[in-house]
There are 2 protein chains.
Amino acid sequence: MAKQNTSCNLQQCREIEQTCAVFNLRKASRVVTQLYEEMMKPAGILPTQFTLLVVTRALGPVSISRMAEVLVMDRTTLTRNLKPLEREGLLSVRPGKDDKRSREVSLTSQGLKKLEQTLPLWKEAQRRIKKAVGVSRLDRMLDDLTAVVDATWAS
Amino acid sequence: MAKQNTSCNLQQCREIEQTCAVFNLRKASRVVTQLYEEMMKPAGILPTQFTLLVVTRALGPVSISRMAEVLVMDRTTLTRNLKPLEREGLLSVRPGKDDKRSREVSLTSQGLKKLEQTLPLWKEAQRRIKKAVGVSRLDRMLDDLTAVVDATWAS
DNA sequence: CAATAAAAAGTGTATATACACATATCATGG
DNA sequence: CCATGATATGTGTATATACACTTTTTATTG
């Protein structure tokens, strides 16, 4: 009897592709990021950057650490991601008032303008993906994604 | 009457955070990637790299373009992502036999060994996330992620 | 108050991602 | 057979991501 490889045979590798959480999450992220990038191109902003503007608007002047916490993102990643937006004058990052260690991120008037300009494009992207996968499925997935973040973060 | 900002007010920005597909997908990707990275650390391999080994095993000797297609990843991204694995001797990338333009990716014996070594760690990571969010929810999410990829890719 | 621990942030390095552009090879029609 | 378009890949550049390490400032404690 020819002995099959017991571990990591073809069948098993196919199963991994289908069931691996990180692979499928990253794959979906790539695809959806592409869609939003395409839609937001007229505004000259990337979806990741749009997110930073939105969060800055929501949190008001906010420290980098606090913002990273909300984004569930490494602090140093955020520091670098702020750079292009700072350069474009959409955000300002200034020394904190009370605590000289901290720096506070604020939306500039240009940043607000960009936000307003991008909003309809974001809405159109949301409409597209809703239409493509269905509202109920999308809502369910958003709910599940939040659950995954909360549960994984906690563990 | 003090006029509120009609667009991009605080309330709206909070709603964007909660409903934005790309933001929530990327956030979940970050968190889950961290978990798998942590679990796979003993094997000295990153989850993204583990995925490439799995796909190479599943597809056998395969061209870069074909592999990128399966991964739903830009071809040039794959080219770069193969580099560390090639350097480590886990994959080989050699000129194609028939078509001199193409290059074929294969798993080396070291690569197979690494795959077998990492598999139990991957399983443990899968177990962890299943336990954290529940099997039914995870299965449902994987299903939805696939649907999103298919639907978005098509549109 | 001085020493020391804790907190906030930045930098060096490495990987992941994709677009625009360039190069090499293959296929096809005259 | 050769010109031309299609195909397979690589490179330059830019952003996204996080870890290890460092620096600066604040808080704690003896």
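Numbers restart at 1 for each chain; the letters A, B, ... are given by sequence-line order, proteins then strands. Keep in mind the model is a prediction, meaning the values are calculated, not measured. Both backbone and side-chain heavy atoms feed into the values below; hydrogens, waters and symmetry mates do not.
- Checking D:dG10, D:dT11, C:dT25 against every side-chain atom of B:Arg80, the shortest atom distance belongs to D:dT11.
- Rounded to whole angstrom, the span from the NZ atom of A:Lys83 across to the P atom of D:dT13 amounts to 21 Å.
- Close to D:dT23, at under 4.0 Å from its OP1 or OP2, lies no side-chain N or O of A:Arg101.
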Legend entry - Audit row: A:Ser29, B:Ser29, side-chain hydrogen bond (donor to acceptor under 3.5 Å, both in side chains) steps and yes/no: CA-CA 7 Å; A:Ser29 287; B:Ser29 287; 2.7 Å; yes

Legend entry - Derivation of the side chain to side chain contact (heavy atoms under 4.5 Å, CB included) call for A:Val105 and A:Leu52: CA-CA 10 Å; A:Val105 184; A:Leu52 296 187; over 6 Å; no

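- In this structure, of D:dT9, C:dA9, C:dA16, it is D:dT9 that holds the atom nearest to the side chain of B:Arg75.
- A:Asp74 has no carboxylate O lying under 4.0 Å from a charged side-chain N of A:Arg80, or vice versa, which leaves the two without a salt bridge.
- In this structure, B:Glu69 pairs ionically with B:Arg66, as a charged nitrogen and a carboxylate oxygen lie closer than 4.0 Å.
- Candidate nucleotides D:dT11, C:dG12, D:dA16 were compared by shortest atom distance to the side chain of B:Thr76, and D:dT11 ranks first.
- Phosphate contact (OP1/OP2 of D:dT9, side-chain N/O of B:Ser65, threshold under 4.0 Å): present.
- Where B:Asp99 and A:Asp99 each meet DNA chain C at their nearest nucleotide, the meeting point lying more 5' is that of A:Asp99.
- Of the listed nucleotides (C:dC26, D:dC19, C:dT17), C:dT17 has the atom at the smallest distance from the side chain of B:Thr77.
- Between A:Gln34 and C:dT17 there is no side-chain N or O to OP1 or OP2 distance below 4.0 Å.
- Of the candidate nucleotides D:dA16, C:dA9, C:dA18, D:dA16 has the atom lying nearest to any side-chain atom of B:Arg26.
- Nearer the 5' end of DNA chain D, as judged by each residue's closest nucleotide, is the contact made by B:Arg103, out of A:Asp98 and B:Arg103.
- Distance from the side chain of A:Pro84 is smallest for D:dT15 among the nucleotides C:dC19, D:dA18, D:dT15.
- Between B:Leu53 atom CG and C:dT15 atom C1' there is a gap of 15 Å when expressed in whole angstrom units.
- Residue order along DNA chain D, read from the 5' end via each residue's closest nucleotide, puts B:Val93 first among A:Gln49 and B:Val93.
- Residue B:Thr48 is the one, among B:Thr48 and A:Lys41, whose nearest nucleotide of DNA chain C lies closer to the 5' end (criterion: closest heavy atom).
- One atom, CG of A:Asn81, and another, P of D:dA14, lie 16 Å apart when rounded to the nearest Å.
- Distance from the side chain of A:Ser63 is smallest for C:dA9 among the nucleotides D:dT25, D:dG10, C:dA9.
- Between B:Leu82 atom CG and C:dT17 atom P there is a gap of 11 Å when expressed in whole angstrom units.
- Using a 4.0 Å cut-off between a side-chain N of Lys or Arg and a carboxylate O of Asp or Glu, B:Arg137 and A:Asp143 qualify as a salt bridge.
- Between the CZ atom of B:Arg30 and the C1' atom of C:dT17 there is a distance of 14 Å, given to the nearest Å.
- Straight-line distance from the CE atom of B:Met67 to the P atom of C:dA16: 12 Å, rounded to whole Å.
- Residue B:Arg66 is out of contact with every strand shown, counting any heavy-atom pair closer than 4.0 Å.
- Between A:Arg128 and A:Glu124 a salt bridge is recorded (basic side-chain N to carboxylate O distance below 4.0 Å).
- Residue B:Leu71 contributes atom CG, which lies 12 Å from atom P of C:dA16 at whole-angstrom precision.
- When the P atom of D:dA20 is taken as reference, atom CD of B:Glu37 falls 10 Å away, rounded to whole Å.
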